[in-house]
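Data block below; observations after.
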Amino acid sequence: MTEPRDVVEQQLAAYNSHDLDAFLATYAEDVTIRRTDGSLLQGRPAMRDTYAGQFAEGRCRAEIAGRLTEGDWVVDHEIAHGLSAEPLRVLVAYRVRNGLIDRVDFLG
């Protein structure tokens with residue numbers, strides 16, 4: 001069985017290399033993503049629509065400042081570059097089940 005931290009690390013590598021298909025392949029078909037503003041993103045098609053532009057432009061990159069894992073959960077302290085003038089610092093909780101990320105909560 002694939003460890004949750006390995007799945008999250010795979011999605012990070014795909015994100016940083018702007019490989020949209022590899023990025024999406026780490027997520028469950030019906031993934032739920034809660035954004036910091038409270039809005040929801042549901043499913044891989046919505047993710048493709050959301051991330052396609054920034055991946056095509058090659059303007060996004062994230063680095064991990066810290067990581068915690070417990071059971072199905074991986075919580076990353078991420079520093080995101082290329083999304084705004086200044087790097088964004090955010091906590092992101094990923095739940096991994098059956099080898100895929102099925103829930104993401106952006107915490108700030």
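Only heavy atoms go into these numbers, but all of them, side chains included; no hydrogens, no water, no symmetry mates. Just so it is clear, the structure is predicted and the values come from calculations on it, not from any experiment.
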Membership question, hydrophobic clusters at under 4.5 Å side-chain separation (ILVMFWY): are Val90 and Leu41 in the same one? yes
For the CG atom of Asp72 and the CD1 atom of Ile101, what is their distance to the nearest 0.5 Å? 12.0 Å
Knowing that exactly one of Met47, Arg103, Arg95 qualifies, which makes a side-chain contact (heavy atoms from CB on, under 4.5 Å) with Val31? Met47
Salt bridge Arg34-Asp105, side-chain N to carboxylate O under 4.0 Å: yes
Any donor-acceptor N/O pair, Ser39 side chain to Arg35 backbone, under 3.5 Å: no
Are Leu24 and Leu12 connected in the hydrophobic side-chain network, where two residues link if heavy atoms are under 4.5 Å apart? no
Salt-bridge criterion met for Arg48 and Asp21 (N-O under 4.0 Å): yes
Taking C-beta and beyond as the side chain, do Leu100 and Tyr27 meet within less than 4.5 Å on heavy atoms? no
Minimum heavy-atom separation for His18 and Arg59, please, with both atom names. NE2-N, 4.1 Å
Locate the shortest heavy-atom distance separating Thr26 from Val7; write the atom from each residue and the value. O-CG1, 3.9 Å
Might you point out which heavy atoms bring Pro45 and Glu29 nearest each other, and give the distance in Å? CD-OE2, 4.1 Å
Rounded to the nearest 0.5 Å, how far apart are NE2 of His81 and CD of Glu86? 10.5 Å
Tell me the closest heavy-atom pair linking Glu78 and Ala62, and the distance in Å. OE1-CB, 4.2 Å
Counting only heavy atoms not in Glu57, do more than 12 fall under 6.0 Å of its CD? yes
side-chain contact (heavy atoms from CB on, under 4.5 Å) with Leu91: of Thr36, Leu107, Asp76, only one passes, and it is Leu107
Quick one: CG on Asn16 to CD on Glu63, what's the gap to the nearest 0.5 Å? 9.0 Å
Going only through I, L, V, M, F, W and Y residues with side-chain contacts under 4.5 Å, is there a path from Phe23 to Ile64? no
Heavy-atom pair of closest approach, residues Pro4 and Gly71: CG-O, 3.5 Å
Side-chain donor or acceptor of Gln54 paired with backbone N/O of Tyr51 under 3.5 Å: no
